[in-house]
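Just so we're clear, the structure is a prediction, and the values are computed from it rather than from any experiment. Remember, it's 1-based here, ligands and their atoms both numbered in the order they're listed.
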Amino acid sequence: MLVVHTIAALRAALPVPGTCTFVPTMGNLHEGHLALVRQAAAHGLPVVTSIFVNRLQFAPHEDFERYPRTLDRDCEMLKPAGCDIVFAPDEHELYPEPQTFTVQPDPALADLLEGHFRPGFFTGVCTVVLKLFNAVHPRVAVFGKKDYQQLMVIRQMTRQFALPIVIEAGETSRADDGLALSSRNGYLSEDERAHAIELAQALRALADRFRAGVGPLALLETQSMQALTARGWQPDYLTVRHQLNLTAPTDADDRNGAWVAIAAARLGATRLIDNLEFNV
Ligand code: PAF
């Protein structure tokens with residue numbers, strides 16, 4: 001496995017565009033990332049994994065500075081998972097000058113949910129992902145469904161810019177108790193970790209009640225948020241959306257269809273996100 005830090009070295013290793021698969025990450029890897037790498041490797045092309053903590057997608061009060069940088073450990077994990085090239089640029093390599101050109105995603109999708117609570121987040125994500133795509137030139141890129149809205153935004157960007165890249169979704173990997181794997185789980189105290197599964201449970205309960213039609217969605221959401229709050233969480237959102245475009249169902253909508261229950265909530269100082277696809 002090759003570890004490169006510059007775009008020039010990456011291009012030298014992969015001179016022909018469209019001949020690799022790609023998994024972008026911010027490092028501090030866990031089994032969820034490795035599952036995405038294994039999925040990418042199944043295409044039989046060289047696999048590139050990028051490791052870059054992207055300042056542009058963090059608000060000033062967020063965890064950019066303390067986000068764990070664990071390159072050596074990450075590389076040890078990536079090799080047996082089937083990664084061929086690790087692309088680990090420093091900030092100067094990706095942002096040699098202030099990044100004054102940015103990608104502005106469609107607000108109809110990017111200003112909802114995560115974008116509402118983290119203004120500018122998807123601009124930062126799209127800008128770095130477009131730069132990474134330009135550096136790596138992958139044929140296929142794999143993004144985890146845990147970042148559900150991110151996956152949708154990247155798909156839309158790839159489509160609208162006619163990038164010759166297939167965006168593949170990877171299923172969410174979960175711990176034995178059902179907690180979605182996330183680099184930020186490492187911030188949880190032992191006690192918080194024991195409670196963290198309550199987020200996935202709240203999604204399941206909301207989906208079940210929505211399916212059963214026990215009340216208008218607004219009421220179900222309020223009750224679900226209250227139940228989570230009573231357990232010590234601070235939810236940003238806990239809602240049911242159309243899988244197609246993340247718009248909210250109206251009470252007039254037929255509930256038959258493809259839905260996603262989706263949530264972000266803080267447990268102590270740690271903000272977790274999760275989602276659950278379901279059909280009615
Ligand atoms: O999902 C992530 O880890 C990041 O948002 C990504 C896609 C690597 C861009 O920095």
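- Residue contact check: Thr25 has heavy atoms under 4.0 Å from atoms 8 (C) of ligand 1.
- Near Gln150, meaning under 4.0 Å from any of its heavy atoms, are these atoms of ligand 1: 1 (O), 2 (C), 4 (C), 5 (O), 7 (C).
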Could you please spell out the steps behind the side chain to side chain donor-acceptor pair (under 3.5 Å) verdict for Asn245 and Thr247? CA-CA 5 Å; Asn245 52 14; Thr247 56; 2.8 Å; yes
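- For ligand 1 and Gln57, the ligand atoms under 4.0 Å from any heavy atom of the residue are 4 (C), 5 (O), 9 (C), 10 (O).
- Rounding to the nearest 0.5 Å places CD of Gln57 at 11.0 Å from CD of Glu114.
- With Tyr148 as the aromatic partner, Arg241 does not meet the cation-pi criteria of under 6.0 angstrom to the ring centre and within 45 degrees of the ring axis.
- Looking only at side-chain heavy atoms (C-beta outward), Glu65 and Arg55 come within less than 4.5 Å of each other.
- Annotation: atom 3 (O) of ligand 1 to nearest protein heavy atom, Met26 CG, 3.6 Å.
- Close approach of ligand 1 to Val128 (heavy-atom distance below 4.0 Å) involves ligand atoms 9 (C), 10 (O).
- Within a 6.0 Å sphere centred on CG of Asp72, heavy atoms belonging to other residues, nucleotides or ligands number 12 at most.
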